[in-house]
Structures are given as C-alpha cells and as structure tokens.
Amino acid sequence: MSYDYNQNPYSYHGENNEPSYGTYSSLAPGYTPESFLRLARRIWMSILCQFLFVFAAVFIILYSIMPNGHTVVVEEAVVVGGPISPGLSGTGMGIFFIFLLIAGMICGFVSLFSFLLFIYRCWRIIQDGYARTTPGRAVGFLFIPIFNIYWIFVAFYGLAEDMNAFCNRYGIGRPVQDRVNTNVLLASLIFYYTGIIISFFSIIALICGIFSINSLARVAAKIQEERNRQENAALNILSE
C-alpha cells in the first residue's frame with residue numbers, strides 16, 4: 001500500500017515503512033516531541049553533575065596534599081599530621097572521596113547513554129533517503145577506536161546539517177529560528193578536543209555543547225510534532 005497526500009512528499013510505503021528518496025514514513029517512529037526535550041535535559045544535567053563531582057574529588061586531593069602537614073592515605077584510612085578539619089578524619093575523607101568518584105561515574109554513564117539514545121532518535125526521525133547515515137551506524141561507529149574521533153563530526157555535526165536540510169525540504173518550522181546553530185555545535189566539538197590540551201577550553205566546550213543539544217532537541221521536537229500531525233491526517237484519510 002502506498003499513499004501520498006497534501007502535495008507534500010510525506011508517504012507511507014509498504015509493510016516495512018521504508019521511505020524512498022524525498023519521502024518519509026509518517027507512521028514511524030512513535031516518539032513524542034517532549035521526549036527529545038526530556039532527553040536533552042537529562043544529558044546536560046548529568047554532565048553538570050559529573051563535572052561537580054569530579055571537581056569536588058580533585059579539590060579533596062589538592063587539599064589533602066597541601067603543605068600543612070595533612071596527608072590523606074585512603075588505603076589505610078589514616079591521617080598523617082592530625083585531622084584535616086574538625087570532626088573529619090582521614091577515613092571520612094577517603095569515604096567521601098570514593099563516593100564522589102562513584103557518583104561521577106554514574107552521572108557519566110547516564111549522560112553517555114542518554115546522548116547515544118538522543119543521537120539515535122534524532123537520526124531516526126529524519127530518514128527520508130537523503131540522510132548521510134542511518135541511526136544504527138551513527139551510534140555504532142562511535143564505538144570504533146580512533147575512527148570515532150572523525151565519526152563524532154558526522155554523527156553530531158552532520159546530524160545538525162541534515163536536520164536543517166530535512167526541515168527545509170518539508171517546510172517544517174521557521175527558516176531561521178527553528179534551525180540548529182551549526183556554528184556553535186562545530187565549536188563545541190573543536191573546543192572539546194582542544195580542551196584535552198588546554199583545560200579551560202573544556203568549559204567552553206561544555207557551554208557550547210549544552211546549547212547545541214538543546215537546539216537539536218527543539219528542532220527534533222518540531223519534526224516529531226509535524227510527523228504526528230501528518231500521521232493523524234493519514235489515518236483520518238485512510239479511515240474514510
């Protein structure tokens with residue numbers, strides 16, 4: 001079964017919902033616009049928490065080796081030179097340090113999982129035959145060592161370009177306001193890698209990254225909202 005309507009290249013194709021070039025299935029996938037916004041919030045909140053936990057853990061390390069006679073030995077849970085602060089022994093400091101590390105790792109896992117899920121869903125909703133890659137490849141190739149240094153530009157920056165092109169093809173949203181700012185997104189990737197050498201750039205990468213993820217989420221929500229509208233229109237016509 002194939003059906004085209006409203007003189008727009010939205011269509012439903014066969015049992016597998018596979019779109020041809022210039023068309024996409026309005027019946028798949030069944031996401032909600034709000035789901036993209038929630039994923040974006042989960043990503044940047046978990047990243048911020050991870051930064052805070054790691055910063056606190058680094059602060060403890062620096063405080064423990066300050067030249068004031070206070071040195072923490074976590075393995076033996078003892079304090080050389082007396083207690084670090086009133087009522088806080090080396091054992092307490094060591095436990096708190098381990099807690100911060102574990103909390104940071106949990107936040108890092110949540111942010112990574114949410115980011116990969118976000119990337120997958122964003123790529124999935126723009127599959128109309130013109131997308132440069134598939135959702136599975138976009139996420140899967142990020143796990144290839146060395147190659148993922150290049151692929152993150154395809155999976156993340158390429159996603160922004162393809163989402164903007166998708167919206168332009170089908171007239172979704174406003175031409176400027178409802179598009180992803182590709183310049184800020186590209187800057188976030190560049191600052192991310194330069195931040196490995198100069199740590200200050202990591203903060204800039206974090207700010208640009210949060211802005212870019214929110215921008216992607218807003219555009220993805222617009223696309224999914226249009227999908228839902230087209231799906232309802234198609235179902236109404238097919239039921240007549």
Side-chain angles (χ1 to χ4, degrees), residues 22 24 31 33-52 108 111-144 146-227:
Y24 71 82
Y31 305 135
E34 294 77 15
S35 64
F36 292 94
L37 301 176
R38 287 196 300 268
L39 266 178
R41 286 194 297 268
R42 187 189 306 169
I43 292 171
W44 65 259
M45 288 181 65
S46 57
I47 291 177
L48 286 178
C49 290
Q50 182 183 12
F51 264 76
L52 291 176
S111 62
L112 177 61
F113 176 80
S114 301
F115 176 76
L116 295 177
L117 181 61
F118 180 77
I119 292 295
Y120 180 89
R121 289 186 175 184
C122 285
W123 275 110
R124 190 178 178 192
I125 64 175
I126 61 171
Q127 295 297 310
D128 65 344
Y130 290 108
R132 67 188 69 190
T133 187
T134 63
R137 289 176 182 173
V139 173
F141 286 0
L142 290 175
F143 291 93
I144 302 177
I146 309 299
F147 180 75
N148 55 13
I149 298 176
Y150 154 76
W151 189 253
I152 186 63
F153 286 90
V154 177
F156 198 41
Y157 178 72
L159 173 62
E161 289 190 322
D162 283 9
M163 286 182 71
N164 288 343
F166 185 91
C167 292
N168 292 335
R169 278 194 297 273
Y170 303 111
I172 299 176
R174 295 167 293 182
V176 178
Q177 294 88 339
D178 295 326
R179 299 294 184 267
V180 183
N181 191 321
T182 55
N183 294 328
V184 176
L185 194 148
L186 180 61
S188 69
L189 293 175
I190 295 175
F191 283 123
Y192 171 76
Y193 284 113
T194 55
I196 299 176
I197 303 174
I198 304 175
S199 58
F200 174 74
F201 287 155
S202 298
I203 300 177
I204 302 178
L206 175 63
I207 297 173
C208 293
I210 291 175
F211 177 86
S212 299
I213 290 174
N214 286 336
S215 180
L216 283 169
R218 288 194 299 269
V219 176
K222 283 285 184 181
I223 294 174
Q224 188 59 46
E225 184 179 352
E226 179 64 18
R227 277 183 171 276

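- Side-chain contact between Gln224 and Ser35 is absent, with no heavy-atom pair separated by less than 4.5 Å.
- Take Arg179 and apply the side-chain hydrogen bond (donor to acceptor under 3.5 Å, both in side chains) test, not counting sequence neighbours, and it matches Asn168.
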Could you give me the CA-CA distance, side-chain angles and deciding distance for Leu159 and Thr133, then say whether side-chain contact (heavy atoms from CB on, under 4.5 Å) is met? CA-CA 9 Å; Leu159 173 62; Thr133 187; over 6 Å; no
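- In this view, Tyr192 satisfies the ring pair (Phe, Tyr, Trp, His ring centres under 6.0 Å) rule with no residue, not counting sequence neighbours.
- Atom CZ of Phe153 and atom CG of Asn148 lie 11.5 Å apart (nearest 0.5 Å).
- Every residue two or more places apart in sequence or in another chain that forms a side chain to side chain contact (heavy atoms under 4.5 Å, CB included) with Ile190 is listed here: Leu186, Thr194.
- Shown here are the ring pair (Phe, Tyr, Trp, His ring centres under 6.0 Å) partners of Phe211, two or more places apart in sequence or in another chain: there are none.
- Across all their heavy atoms, Ala40 and Trp44 have their closest contact at O-CD1, 2.9 Å.
- Judged as a side chain to side chain contact (heavy atoms under 4.5 Å, CB included), and not counting sequence neighbours, Ser202 has no contacts.
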Where do Ile126 and Trp123 land on the side-chain contact (heavy atoms from CB on, under 4.5 Å) test, with the steps shown first? CA-CA 6 Å; Ile126 61 171; Trp123 275 110; 3.8 Å; yes
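- A distance of 14.0 Å separates CZ in Phe201 from OG in Ser188, rounded to the nearest 0.5 Å.
- The number of heavy atoms from other shown groups lying within 6.0 Å of CD1 (Ile149) is above 12.
- Between Leu39 and Ile213, the closest side-chain pair of non-hydrogen atoms is not below 4.5 Å.
- Remark: Asp178 pairs with Arg174 by the side-chain hydrogen bond (donor to acceptor under 3.5 Å, both in side chains) rule, at least two apart or across chains.
- Not counting sequence neighbours, the partners of Phe115 by the ring pair (Phe, Tyr, Trp, His ring centres under 6.0 Å) test are Phe156.
- Here the side chains of Ile47 and Ile210 are not in contact, with every heavy-atom distance at 4.5 Å or above.
- Among residues two or more places apart in sequence or in another chain, the side chain to side chain contact (heavy atoms under 4.5 Å, CB included) test is passed with Ala220 by Phe36, Cys122, Ile125, Met163.
- Within the structure, no pair that satisfies the salt bridge (Lys or Arg N to Asp or Glu O under 4.0 Å) test touches residues 197-206, not counting sequence neighbours.
- Within the 4.5 Å cutoff, the side chain of Val180 has no heavy atoms near those of the Ser212 side chain.
- Annotation: the span from Arg41 atom CZ to Leu37 atom CG amounts to 6.0 Å, rounded to 0.5 Å.
- Atom CG of residue Asn214 and atom CD1 of residue Ile43 lie 9.0 Å apart, to the nearest 0.5 angstrom.
- In the displayed structure, Ile196 atom CD1 is contacted under 6.0 Å by more than 12 heavy atoms of other residues, nucleotides or ligands.
- Partners of Phe141 under the side chain to side chain contact (heavy atoms under 4.5 Å, CB included) rule, at least two apart in sequence or in another chain, are Arg137, Ile144, Phe147, Trp151.
- A donor-acceptor pair is defined here as one N or O able to donate and one able to accept, closer than 3.5 Å; no such pair exists between the side chain of Ser114 and the backbone of Ser111.
- The ring pair (Phe, Tyr, Trp, His ring centres under 6.0 Å) check on Phe113 picks up nothing, with sequence neighbours excluded.
- Taking NZ from Lys222 and CD from Glu225, the interatomic distance works out to 5.5 Å, rounded to the nearest 0.5 Å.
- A donor-acceptor contact shorter than 3.5 Å is absent between the side chain of Glu226 and the backbone of Ile172.
- Proximity of Leu116 to Phe143: side-chain heavy atoms (C-beta onward) are separated by under 4.5 Å at one or more points.
- Applying the salt bridge (Lys or Arg N to Asp or Glu O under 4.0 Å) definition to pairs two or more places apart or across chains, those involving residues 158-167 are Arg132-Glu161, Arg132-Asp162.
- Note that CG of Asn164 is 7.5 Å distant from OG of Ser215, once rounded to the nearest 0.5 Å.
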